[in-house]
Amino acid sequence: MIPLLMAALVVRECARCHPAEAKPHPATSMARAMQHPADSAILNEHPVLTAQKGKYSYRIEKNLYTVTNGSASLTFPISWSFGLGDAGQTYVFEKDGIPYESRVSFFRAIDGLDWTLGASNSPPANLLEAAGRQMGTQDAAQCFGCHSTKTQAALEPGVQCERCHGSTEEHLATLKPMKKLRAADAEEISNFCGQCHRTWADVAGKGILGVNNVRFQPYRLTNSKCFDVDDRRISCLGCHNPHQELDRNDAHYDAKCQACHAGGKPAAKVCKVSKSNCVSCHMPKIEIPGSHYRFTDHQIRIARANDRYPN
Amino acid sequence: MKQAVEAQQSGNFDQAIRNYKILLEKYPNIAEIHSNLGAALAGEGRYADAIAEYERALKIKPNPQVSLNLGLAYYKAGQLAPAIATLSKLHREQPSNLQALIVLADCHLQLGENKKVIELLTPAQKADPENATFNYLLGTALVRDRQTAQGQLIIDKILRNGDSAQARLLMGTTKLTVNDFSGALQDFAKAVELDPKLPDVYAYYGLALLATGDQPGAKKAFEQELKTNPNNFDANLQLGVVLRQDEENDQALKYFQHALEIRPGDFGVRYQIATVELAKGQLVQAQRDLERLVKEAPKFTEAHVSLATIYFRQKKKAAGERERAIVAQLNAEKQANSPALKAPQ
C-alpha cells in the first residue's frame with residue numbers, strides 16, 4: 001500500500017540522522033494505533049473470530065466482517081483496524097462511502113470478541129446497526145485525527161513523526177529546525193499529548209466523572225498533588241519517551257518519583273513504607289467496565305482499600 | 001382619514017403612512033391616527049417605528065386592541081421582554097383575550113421559560129380541550145420541560161386529527177430529551193416534509209442532525225430556520241457553535257450576539273462568545289467576560305475551565321490553580337449528587 005510505504009521511507013530518512021528516536025518508534029503502540037487489516041497481528045493470529053451476542057452472530061475471517069441474525073446477513077470488508085487490543089481493537093468499515101465503527105471489538109484479556117466500549121448502551125434496531133455505528137463526518141475526522149497522520153502526500157496510519165513534529169518536507173530539504181517540544185513545561189506538554197489523550201480542560205469541561213475518566217492521563221495527572229505546571233519532572237515526558245514503547249516495569253519509574261521525593265524539592269516528602277516500585281502502590285490500576293483493561297491511574301496518591309475513586 | 005384607511009386596507013401601506021403623517025401634522029393628539037399609523041408601519045415590517053406610534057396612542061388613550069398590537073410588534077421585533085410586560089398586563093386586565101394569551105405563552109416558550117407556559121395554559125386548555133393552538137403550545141412546553149407523560153397525553157390528542165408536522169415535532173422533541181437521537185431525527189425529517197414553514201421545525205431538525213454527527217446538514221437546517229424565523233434562539237446559538245468549530249469566528253460571533261439579543265444575559269451564549277474571543281487570541285477580553293460570567297453564575301463549570309486555561313496561558317499560575325480547585329469542587333459535588341457515580345474503585 002502506498003501510504004505505508006511513504007511512512008517507512010520517511011522514517012528511514014529520519015533514522016540516518018536521528019537513530020535514537022527513529023529506530024524504536026515504528027514498534028510503539030502509537031505508531032501502530034491504526035493499521036491495514038493485513039498488518040493487524042490480531043487478525044493474522046486469529047484467522048477466524050466468532051461471537052454470539054444476543055440474537056446476532058459475528059464472524060471475522062481475515063479482513064471480512066459478517067453479522068447474521070439467523071435469516072439475513074451483512075458482510076463488509078474491513079478498511080482499518082484501530083488499536084492493538086489491550087483496551088480493544090475496533091474495526092472500521094464502509095457502506096455507501098460512509099464509515100462505520102464495528103459493534104464488536106477484539107480484546108486481548110479474553111482473546112476474543114466482545115461489545116465495543118459504549119456499544120452496549122444503545123441496542124441495535126436493525127441488522128446494519130448490529131454491524132456497526134454510523135460515524136458522523138466530524139466523528140470520523142476526529143477518529144482518524146488521533147489514530148493517523150495526515151501529510152501533504154497521504155493519510156499515514158498511526159501517529160508518525162510528522163503528527164507531533166509538523167511538516168517534515170521542509171526539514172528534509174533545508175534542515176530548518178522542526179517544532180521544538182523540549183522547551184515546553186509540564187502544562188504545555190499535557191496539552192500537547194492531550195490533543196489525543198484529552199486535556200484537563202476537555203475532561204473537566206465535559207464533566208466526565210467516575211472511573212471512565214481514568215484513561216485520560218493529562219486530566220488525572222493534573223489532579224494529583226505531585227503536579228506542578230512549571231515542573232518538567234512531572235510532565236508526561238518526565239516518565240515517558242514517546243519514541244519508545246511503554247515501559248511496563250514498575251522499577252523503571254522509581255527514579256522518576258525520586259527526582260522529587262528524595263529530598264530534592266523541599267515540599268516533596270519521603271515514603272516511610274517502601275523505597276522501590278512506587279507506582280505499584282501509588283498509581284493503582286483500574287478497569288473501566290467493558291474495556292477488559294486495567295488503566296494506570298495517573299492521579300498519583302495514597303490509595304487505600306475501599307477508598308472512593310477520586311475525581 | 002378615509003383615504004388613508006382605504007389605502008391601508010388595500011395593502012398600500014406606503015400611501016397610508018404618508019396620509020396618516022399629513023393628518024398628524026393637523027391633529028397630533030388623536031390616538032386613532034397614531035395607532036393606525038402604527039399598524040401601517042407594522043405592515044411594512046417597520047416594527048421599531050410602529051412601537052413608537054402605538055406607545056404614543058396609548059399615552060393619549062388606553063385601548064386593549066392597541067396594547068395587543070404593541071405586544072405583537074415587540075414580539076415580531078424579537079424584543080421578548082417588553083412584549084411579555086405589555087401582554088401580561090393585558091392578560092391580567094382581559095383574561096378572556098385569547099390572542100394575548102397565546103402570544104404571551106409563545107414569548108415565554110421562546111425564552112425557554114417552559115414552566116411559565118404550563119402555568120398560563122393549563123387552565124385555558126382545561127376550559128377548551130380541543131383548541132389546537134393551546135394543545136400545541138402546552139404540549140411543546142411540557143415536552144421541553146421533560147414532563148413526558150403529560151406531554152404524551154397532548155401529543156395523542158393532536159394525533160387524533162391525523163399525522164401532522166406539529167405532532168411529529170413534539171414526538172421528536174420528546175425523543176431528544178431521552179437522547180434517542182436517531183428516533184428524533186426521523187420524526188423531524190417527517191415534520192419538515194409535512195410543513196417546512198412550521199416555526200422551530202428546522203431548528204430541531206438541525207439539533208438532531210448535530211447529535212447524529214451530520215454537521216454540514218445541521219448547518220443548513222439552522223440557516224433554513226433563520227430564513228423564516230430569524231429570532232429563533234436555538235438556531236442562532238447552534239449555528240454559531242457550528243461556525244466556531246469551523247473556525248469562522250466572526251460569523252459565529254454575529255449569531256451569538258443575535259442570540260444574546262433574544263435572551264439578554266443568557267449564560268450559555270455569553271460563554272460561547274468568550275470561547276470565540278479565546279479562539280481569536282483576545283485573551284484579555286475573554287478573561288474579563290468569563291470573570292463576569294462566573295461572578296453571576298458561580299457553578300458554571302465550563303466557564304471556570306476556560307478561565308483556568310486562560311490564566312495558565314498567561315502564566316498566571318496561582319489564579320489558574322484557584323480555578324482548577326473550583327472545578328474539582330464542582331465536579332465532586334456533581335458526583336456526590338449522582339448515585340450512579342458513587343461506585344467504589
Side-chain angles (χ1 to χ4, degrees), chain A residues 98-99 101 121-122 124-126 129 133-143 185-188 190-191 194 199-214 219 222-223 227-231 284-289 294 297 299 301 303-311, chain B residues 178-183 185-186 209-219 242 245-246 271 275 278 299-313 315-321 323-345:
Chain A
I98 296 169
E101 176 193 63
N121 299 341
S122 56
N126 53 46
E129 281 186 30
R133 178 179 69 86
Q134 184 181 332
M135 287 155 71
T137 41
Q138 205 191 5
D139 191 16
Q142 285 173 345
C143 200
D185 65 28
E187 173 73 10
E188 286 161 347
S190 270
N191 288 334
T199 63
W200 173 85
D202 289 338
V203 178
K206 292 208 181 81
I208 304 171
L209 303 177
V211 293
N212 284 337
N213 68 30
V214 73
Y219 174 78
T222 301
N223 287 351
F227 190 72
D228 178 342
V229 289
D230 301 326
D231 198 326
K285 303 242 186 257
I286 294 172
E287 180 164 344
I288 296 180
R294 286 154 57 80
D297 190 355
Q299 182 161 339
R301 59 198 158 94
R304 293 195 165 85
N306 300 324
D307 270 1
R308 215 180 71 185
Y309 177 82
N311 264 306
Chain B
V178 295
N179 297 344
D180 171 10
F181 301 120
S182 54
L185 187 63
Q186 286 171 6
L209 287 167
L210 209 55
T212 50
D214 183 356
Q215 195 148 349
K219 190 174 167 203
V242 173
Q245 282 169 358
D246 292 346
Y271 170 71
T275 62
L278 189 56
K299 291 194 183 251
F300 195 152
T301 312
E302 290 93 329
H304 287 290
V305 168
S306 300
L307 207 43
T309 305
I310 292 177
Y311 289 140
F312 282 120
R313 245 196 240 173
K315 306 279 170 206
K316 293 179 182 163
K317 188 174 164 185
E321 282 172 351
E323 291 303 320
R324 277 197 174 147
I326 295 173
V327 172
Q329 176 64 32
L330 289 172
N331 279 337
E333 279 171 26
K334 250 184 243 163
Q335 189 178 27
N337 293 333
S338 163
L341 293 170
K342 273 191 196 158
Q345 58 176 41

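None of these values were measured; they are calculated from a predicted model. Just so we're on the same page: letters track the sequence lines, and every chain starts at 1.
- Comment: A:E188 engages B:K315 in a salt bridge, judged by a side-chain N to carboxylate O separation of less than 4.0 angstrom.
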Item to check | Stepwise side chain to side chain contact (heavy atoms under 4.5 Å, CB included) check, A:W200 with B:V327 | outcome: CA-CA 11 Å; A:W200 173 85; B:V327 172; 3.9 Å; yes
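- Between the CD atom of A:Q138 and the CG atom of B:D246 there is a distance of 8.0 Å, given to the nearest 0.5 Å.
- Closest non-hydrogen pair, B:T301 versus A:A204, comes out as CG2-O, 3.8 Å.
- Remark: B:K317 engages A:D228 in a salt bridge, criterion side-chain N to carboxylate O under 4.0 Å.
- Taken to the nearest 0.5 Å, the CG atom of B:N331 stands 10.0 Å off from the CD1 atom of A:I208.
- With a 4.5 Å cut-off on non-hydrogen atoms, B:A328 does not touch chain A at all.
- In this structure, the portions of B:R324 lying under 4.5 Å from any heavy atom of chain A include both its backbone and its side chain.
- Neither the backbone nor the side chain of A:N212 comes within contact range of chain B; no heavy atom of the residue lies under 4.5 Å from a heavy atom of that chain.
- The contact between B:T212 and chain A is made entirely by backbone atoms, counting heavy-atom distances below 4.5 Å.
- Closest non-hydrogen pair, B:P216 versus A:T137, comes out as CD-OG1, 3.6 Å.
- Interface remark: A:T199 contributes no atoms to any contact with chain B (heavy atom separation under 4.5 Å).
- In this view, A:E129 and A:P124, A:A125, A:N126 satisfy the side chain to side chain contact (heavy atoms under 4.5 Å, CB included) rule, not counting sequence neighbours.
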